[in-house]
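Report on the following structure.
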Amino acid sequence: MIPTLIIEKAAPGEYSVTVVDGDAEQSDFHAGSIMSAIRDATILMPKTQTFHVWYEHVSIGTIPALHMRHDAETLANKLKLLHGQFRG
């Protein structure tokens, strides 16, 4: 099963991050940005090869961990753009 990375804005510059695998929560942490949340998830779960990536109500799909480690800024920008287009 592919784990799901869920990023929620808690306050300006503070994000609550949860990684869920099936019904079980695998990790729960805070990050200072969407970009660091994406990158940190791959550090905390180094054996995981892919994640479903969500920022609040929008998703950029299933992303390889390699891309999350090396291109977190681009992925964060995609999430912010989608979030702005589809406000919940």
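Owing to the predicted nature of the structure, the values given are computational and were not obtained by experimental measurement.
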I'd like to check Val19 versus Leu44 (side-chain heavy atoms, cut-off strictly below 4.5 Å). Are they in contact? no

Excluding sequence neighbours, so at least two apart, what forms side-chain contact (heavy atoms from CB on, under 4.5 Å) with Thr42? Phe51, Ala65, Met68, Arg69

Distance in Å, Met1 CE paired with Asp21 CG, rounded so as to fall on 0.5 Å steps: 6.5 Å

From Leu82 atom CG to Ile60 atom CD1, the distance as rounded to the nearest 0.5 Å: 8.0 Å

I want to check something: taking the side chain as every heavy atom from C-beta on, are Trp54 and Ile7 in contact at a cut-off of under 4.5 Å? no

Would you check if the side chain of Gln26 reaches a backbone N or O of Pro3 as a donor-acceptor pair within less than 3.5 Å? no

Does some side-chain heavy atom of Val20 sit less than 4.5 Å from a side-chain heavy atom of Thr18? yes

Using the rule that two of Ile, Leu, Val, Met, Phe, Trp, Tyr join whenever any of their side-chain heavy atoms come within less than 4.5 Å, decide whether Val53 and Ile6 are in one cluster. no

The reported gap from OG in Ser27 to CG in Asp40 (rounded to nearest 0.5 angstrom) is 9.5 Å

Closest heavy-atom pair, Leu5 versus Ile38, reported as atoms and distance to 0.1 Å, is CD2-CA, 4.0 Å

Within a strict 4.5 Å, meaning less than it, do heavy atoms of the Val17 and Asp28 side chains meet? no

Taking a hydrophobic cluster as the set of Ile, Leu, Val, Met, Phe, Trp and Tyr residues connected by side-chain heavy atoms closer than 4.5 Å, whether directly or through intermediates, do Ile2 and Leu66 fall within one such cluster? no

Can you establish whether the number of heavy atoms outside Glu73 located under 6.0 Å from its atom CD is more than 12? no

Shortest non-hydrogen contact between Ala31 and Ser36, atoms and distance: CB-OG, 3.5 Å

Quick one: do Tyr15 and Leu81 end up in the same hydrophobic cluster if we chain Ile, Leu, Val, Met, Phe, Trp and Tyr together by side-chain heavy atoms under 4.5 Å apart? no

Dump the intermediate steps for side-chain contact (heavy atoms from CB on, under 4.5 Å) on Tyr55 and Glu8, then the final yes or no. CA-CA 6 Å; Tyr55 172 48; Glu8 300 276 341; over 6 Å; no

Heavy atoms, side chains only, cut-off 4.5 Å: are Arg39 and His70 in contact? no

If you measure from NZ on Lys9 to CD on Glu14, what distance do you get to the nearest 0.5 Å? 11.0 Å

Under a plain distance cut-off of 3.5 Å, with no hydrogens placed, do Thr74 and Asp71 share a side-chain donor-acceptor pair? yes

Please check if the side chain of Ser59 supplies one atom and the backbone of Gly61 the other of a donor-acceptor pair under 3.5 Å. yes

Please give me the minimum heavy-atom distance between Ser16 and His30, naming the atom from each residue. CA-ND1, 3.9 Å

